[in-house]
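Below: one structure, written as structure tokens.
Each chain gets a letter, A, B and so on, in the order the sequences are listed, and its residues count up from 1. All of these numbers come straight from a predicted model, not from anything done at the bench.
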There are 2 protein chains.
Amino acid sequence: MGECKQCQSTLEVVKAGFLRGRQRFYCKTCQVHFTIKLPAASPQKAARQTTIIDIAKSLGVAPSTVSRALNGSTDINSLTRQEILRVANEMDYRPNLLAQSLHRGETHTIGVVIPNIERPFFAGVLAGIQNVATEAGYRVMICQSNESHSTETLNVQALVASRVDGLLISHSKETTSFEHIRLQLKKGLPIVHFDRVCNEVETAKVVQKDFEGSFALVEHLIQQGCRRIAVCAGPPQLLISQTRLEGYKAALRHYGLPLDDSLIYHTEFKQSESLTALNHWLSLPEPPDGIFAIHYGNAIELLVELKHRKIQIPTEIAVVGFGDELIAELIEPSLTVFHLFPFEMGETAASLLIDNIIHRDTFSPIIKKMRGELRIRKSSIRL
Amino acid sequence: MGECKQCQSTLEVVKAGFLRGRQRFYCKTCQVHFTIKLPAASPQKAARQTTIIDIAKSLGVAPSTVSRALNGSTDINSLTRQEILRVANEMDYRPNLLAQSLHRGETHTIGVVIPNIERPFFAGVLAGIQNVATEAGYRVMICQSNESHSTETLNVQALVASRVDGLLISHSKETTSFEHIRLQLKKGLPIVHFDRVCNEVETAKVVQKDFEGSFALVEHLIQQGCRRIAVCAGPPQLLISQTRLEGYKAALRHYGLPLDDSLIYHTEFKQSESLTALNHWLSLPEPPDGIFAIHYGNAIELLVELKHRKIQIPTEIAVVGFGDELIAELIEPSLTVFHLFPFEMGETAASLLIDNIIHRDTFSPIIKKMRGELRIRKSSIRL
DNA sequence: GGCCTTTTCGGAAACGTTTCCGATAGGTAT
DNA sequence: ATACCTATCGGAAACGTTTCCGAAAAGGCC
């Protein structure tokens with residue numbers, strides 16, 4: 001029998017069931033239950049970072065004093081502070097950001113949700129975001145939706161669980177419902193949309209010149225003599241696809257060209273699709289003499305495929321694309337594009353968000369439009 | 001005079017200095033000091049996420065019970081659990097990961113330090129890391145060193161302050177001292193190097209076939225008839241530069257070709273440098289008939305510049321590069337490369353690290369070498 | 001010496017969660 | 001009724017910070 005904790009006697013001790021695998025006892029004199037402690041076996045303790053308490057103990061002061069010394073409070077003797085700073089440095093003290101964040105209720109971290117980190121456009125945006133965020137003392141946590149709506153929702157939840165101070169998001173191509181955004185917005189989380197934005201929720205947004213860029217590209221094709229201009233449109237759900245398509249249509253209308261639905265082909269950013277699109281167009285009684293690809297990836301693919309089929313670019317078919325990359329300049333013939341500035345977009349979005357975080361009250365659902373410029377290259381010069 | 005908190009009388013109350021701007025009093029009867037509270041003004045309270053305590057209160061149970069219900073403990077009645085889960089769902093409860101991490105002493109987050117997120121190679125690695133990490137329930141925090149040693153050190157410190165469970169790092173080109181790594185290693189932080197590794201510290205490492213790839217590329221050039229092969233080497237400090245240069249030298253030696261130092265040109269990954277390198281080589285009494293660029297970026301630049309100068313590729317000068325990208329295939333002439341698998345490298349590094357985190361005890365400084373393959377294209381086929 | 005002051009520090013609460021430990025209520029055998 | 005048992009819950013401590021509040025000490029002024 002065990003020995004009672006209070007009376008130290010074993011006389012009136014009886015068994016009293018099991019608790020978490022350990023025998024339980026009851027002392028009738030003391031009317032108290034107890035169990036026998038196991039010799040806790042874990043000498044394998046993970047090395048800890050030094051804490052404020054460690055410093056406090058080693059100097060014989062209170063933790064609050066150490067905190068004051070480290071945070072530059074005036075409520076402290078300068079000699080005490082010096083000593084504390086010395087010891088802190090000696091012990092390589094690093095404040096535990098988790099504890100700080102938990103206490104302050106803010107993490108100084110912003111969450112980013114993008115479709116894919118490998119796409120150069122988004123990588124550029126990320127670099128811009130990091131640049132501004134780091135400058136402002138914010139960390140960045142990145143998630144990829146992989147173009148899946150459910151993953152995007154999970155991403156948002158994960159970032160919210162990590163208690164990010166704000167969210168930057170560019171939607172997946174599947175996303176047509178925005179409840180996951182609305183829910184967090186209602187809870188007061190600052191959110192800024194960029195590139196693939198939506199009209200359904202009231203957030204600050206950073207967008208490209210989607211309409212203007214498309215208009216300029218198509219206008220350029222028309223000025224180069226193209227009369228039947230096909231468009232390789234993106235996923236029809238995406239707002240940017242729609243806006244760019246609008247720009248295309250507006251240009252046709254403006255120059256009095258007919259709108260032919262058989263020349264509009266929607267793709268899902270997948271490799272093979274531009275080929276099926278091309279096959280479709282070439283099988284038409286009147287094939288196109290110009291192609292506008294909403295997404296630069298499709299433009300490159302089309303260029304390669306046209307070359308492969310020995311179709312002359314730009315004389316037989318001219319090609320232009322939206323968005324830019326080194327490859328557009330180096331491929332032959334070089335590709336006419338509407339050049340974007342992803343880095344700047346990232347910077348703009350991040351500074352908008354951080355502003356939004358700091359001044360929660362004076363928020364307005366502003367929409368910022370990034371600059372962009374027509375870069376005319378060989379794939380479209382027919383005159 | 002103020003009213004004493006204890007005796008509620010103002011008779012024996014005297015002033016007693018100022019404390020944080022507020023008048024302080026002393027009650028002589030009660031021998032107690034006190035100040036008058038200001039009416040705290042902050043109705044503008046940031047919306048809070050619902051907590052376990054909120055759920056507990058709304059159901060009239062203890063927070064520990066709610067925690068048990070949410071974490072699938074057996075120590076709970078299934079009806080109680082159902083109720084708690086229902087309410088939790090209703091209130092859109094999300095556990096505060098900060099509090100969890102603080103308590104558990106682990107964040108389920110891994111830190112990544114890379115030179116630059118915009119470089120396709122690193123973007124690919126990142127994607128691989130994210131893939132494995134997400135699968136294993138880990139979040140990823142990314143920092144860019146921008147090729148600066150001091151920034152890299154700051155990055156490491158920031159990630160440590162965030163209490164990441166482990167670190168993945170690819171060093172900046174400036175980094176020759178590894179104290180920042182050694183310090184964390186001593187504290188027990190699991191660290192895995194990838195790509196730009198070093199020999200100075202004992203960590204697990206994931207590397208490319210730097211030596212073998214270089215050897216294969218140079219061997220290929222020799223087999224194509226090249227006899228004076230120049231090498232556009234990277235920053236001489238980087239171990240991968242050294243290893244790749246070794247591969248180059250070994251191939252020359254193996255085939256009995258002389259080693260000519262004037263054919264070795266070190267660059268710093270900057271744009272203009274490949275041009276100065278080219279100028280240097282072309283000014284030699286015996287210019288090279290083949291160029292091996294350690295970095296694919298330089299290879300592309302050289303290709304463009306050679307075309308620009310109307311120098312025939314590969315007949316006059318053949319070009320090969322290390323590393324691959326879409327552009328290598330699409331440029332004309334297409335570029336012969338030693339193809340790498342960045343995504344797989346990221347996956348390997350991440351799973352190595354996570355394994356290291358979970359089984360801290362059975363760690364060994366293993367070195368994993370990724371696969372790679374010679375992809376022969378037009379820029380080097382002379383026979 | 002009494003009154004008032006400033007400087008400097010310690011104690012405790014709070015952030016939200018998990019986990020340890022014990023208490024209680026209700027069993028079931030003898 | 002006694003001796004044992006299980007199931008289910010609450011309370012409190014802990015993680016590492018910051019911050020609120022007050023105490024102690026020491027000095028100045030009349």
Selected nucleotide, minimal atom distance to B:T65 side chain, candidates D:dG16, D:dG10, D:dC21: D:dG10
Distance in angstrom units between A:Q82 CD and C:dT8 C1', rounded: 15 Å
Short side-chain N/O contact to D:dG11 OP1/OP2 from B:S64, under 4.0 Å: no
Candidates A:T203, A:I110, A:L167 - the one meeting side chain to side chain contact (heavy atoms under 4.5 Å, CB included) with A:L353: A:I110
Ring geometry between A:H171 and A:H193 (parallel below 30°, tilted from 30 to 60°, perpendicular above 60°): tilted
Donor-acceptor pair (no angle test) under 3.5 Å: B:R163 side chain, D:dG16 base: no
Gap between atoms CG and P, on A:L59 and C:dC9 respectively (whole Å): 11 Å
Any N/O donor-acceptor pair, B:N77 side-chain to D:dC9 base, under 3.5 Å: no
Side-chain N,O (B:S67) to OP1/OP2 (C:dT18) below 4.0 Å: yes
Donor-acceptor side-chain pairing of A:T153 and A:S150 below 3.5 angstrom: no
Spacing between B:R68 atom CZ and C:dT19 atom P, to the nearest angstrom: 11 Å
Length of the CD-C1' vector between B:E106 and D:dG16, whole Å: 16 Å
B:T51 side chain, from C-beta outward: closest of C:dT18, C:dT8, C:dT17: C:dT17
Protein-nucleotide distance (B:I52, atom CD1; C:dT18, atom C1'), rounded to Å: 8 Å
Earlier contact from the 5' end, DNA chain D, for B:V61 and A:P95: B:V61
Atom pair distance, as rounded to whole Å: CG in A:D75 and C1' in C:dT5: 15 Å
Sugar-phosphate, base or nothing in reach of B:I76, heavy atoms under 4.0 Å: sugar-phosphate
Separation of atom CG in A:L102 from atom C1' in D:dT18, rounded to whole Å: 11 Å
Among D:dC9, D:dT17, C:dT17, the nucleotide that comes nearest once only the side chain of A:Y93 is considered: D:dT17
A:Q100 vs D:dT18: side-chain N/O to OP1/OP2 distance below 4.0 Å: yes
Heavy-atom side-chain proximity of B:L97 to B:R139 below 4.5 angstrom: yes
Nearest-Å distance for atom pair CD1/P, residues B:I53 and C:dC15: 7 Å
Phosphate OP1/OP2 of D:dC9 contacted by B:T80 side-chain N/O (<4.0 Å): yes
B:N96 side-chain N/O to C:dC15 phosphate OP1/OP2 under 4.0 Å: no
Atom of A:N356, atom of A:I191 and distance for their closest heavy-atom approach: ND2-O, 4.5 Å
Donor-acceptor pair (no angle test) under 3.5 Å: B:R94 side chain, C:dG16 base: no
Within 6.0 Å of CD in A:E202, more than 12 heavy atoms from elsewhere: no
Proximal nucleotide (of D:dT18, D:dA14, C:dC9) relative to the B:H103 side chain: D:dA14
